[in-house]
Amino acid sequence: QVQLVESGGGLVQPGGSLRLSCAASGLIFSSYRMSWYRQVPGQERELVGGISGISGPGNYEDYVKGRFIISRDNGKKTVSLQMASLKPEDAAVYYCNARLKTIQNEYDYWGQGTQVTVSS
């Protein structure tokens, strides 16, 4: 019932920009922390950044600070990842994640992933 559907991936040149979007359904969206992860072949999935259920400035890993911005629209149930000054090492499959932690349980959902390629 819960679905996270990503879009916006593609090919971009080094130094370029790209915006990824994730549309959620089947959950109380504002209750979930939304995060973006990325994974390259042969490596573990790594956190890019996240944003709380009530929005805010977001939190980012050091290697994307100043270049990537996460935002959410609780009315539309979407979260986006604005990427700028892209580097070849940013190329990866990017995943949308929804996570809700309660005293009793943790609820964790993932999107299908969208490919970002950074190449000349």
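All heavy atoms count here, side chains included; hydrogens, waters and symmetry mates do not. The residues of the chain are indexed from 1 along the displayed sequence. Only a predicted model underlies this, so the values are computations on that prediction, with no experimental measurement involved.
- The CG atom of D73 sits 11.5 Å away from atom OG of S30, with the distance rounded to the nearest 0.5 Å.
- Between Y60 and I69 there is a side-chain heavy-atom pair separated by less than 4.5 Å.
- Of all non-hydrogen atoms in Y95 and Q112, the two that sit nearest each other are CE2-O, 3.7 Å.
- Hydrophobic clustering (ILVMFWY, side-chain heavy atoms < 4.5 Å, transitive): V93 and L18 are in distinct clusters.
- We find that K65 and D62 are joined by a salt bridge, their nearest charged nitrogen and carboxylate oxygen being less than 4.0 Å apart.
- Residues L47 and E61 come closest through the heavy atom pair O-CG, 3.1 Å.
- In terms of modelled atom types and a separation under 3.5 Å, the side chain of D90 and the main chain of K87 share a donor-acceptor contact.
- Looking at N74, its side chain does come within 3.5 Å of a backbone N or O of G53 through a donor-acceptor pair.
- F29 and V2 end up in the same hydrophobic cluster when Ile, Leu, Val, Met, Phe, Trp and Tyr side chains are linked at under 4.5 Å.
- In terms of heavy atoms, T114 sits closest to E6 at N-OE1, 3.2 Å.
- One finds the CD1 atom of I70 at 11.0 Å from the SG atom of C22 (value rounded to the nearest 0.5 Å).
- The minimum heavy-atom distance linking Q115 with A92 is given by the pair NE2-O, 3.4 Å.
- Note on I51 and Y94: same hydrophobic cluster, where clusters join Ile, Leu, Val, Met, Phe, Trp and Tyr whose side-chain heavy atoms are under 4.5 Å apart, directly or indirectly.
- Looking at heavy atoms from C-beta onward, C96 lies out of side-chain contact with W110 at the 4.5 angstrom threshold.
- Considering all non-hydrogen atoms of both residues, V48 and F68 come closest at CG1-CD2, 3.7 Å.
- More than 12 heavy atoms of other residues, nucleotides or ligands sit less than 6.0 Å from atom CD of E89.
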* Asked: Passes side-chain contact (heavy atoms from CB on, under 4.5 Å), Q82 versus S17? Steps please.
  -> CA-CA 8 Å; Q82 295 177 260; S17 299; over 6 Å; no

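- Taking a 6.0 Å sphere around CG of L11, one finds it holds more than 12 heavy atoms contributed by other residues, nucleotides or ligands.
- Residues L4 and Y107 fall within the same hydrophobic cluster, defined by Ile, Leu, Val, Met, Phe, Trp and Tyr side chains chained together at heavy-atom separations under 4.5 Å.
- For the atom pair CZ (R38) and CG (L81), the distance works out to 9.5 Å, reported to the nearest 0.5 Å.
- The CZ atom of R67 sits 9.5 Å away from atom CE of M83, with the distance rounded to the nearest 0.5 Å.
- Between S71 and R19, the shortest heavy-atom contact is OG-NH2, 4.1 Å.
- Hydrophobic clustering (side-chain heavy atoms under 4.5 Å, transitive across Ile, Leu, Val, Met, Phe, Trp, Tyr) groups Y63 together with W36.
- At least one donor-acceptor pair closer than 3.5 Å links the side chain of N97 to the backbone N or O of Y109.
- Remark: R72 CZ to K77 NZ distance equals 11.0 Å, nearest 0.5 Å.
- One finds the CE atom of M34 at 10.5 Å from the OG atom of S80 (value rounded to the nearest 0.5 Å).
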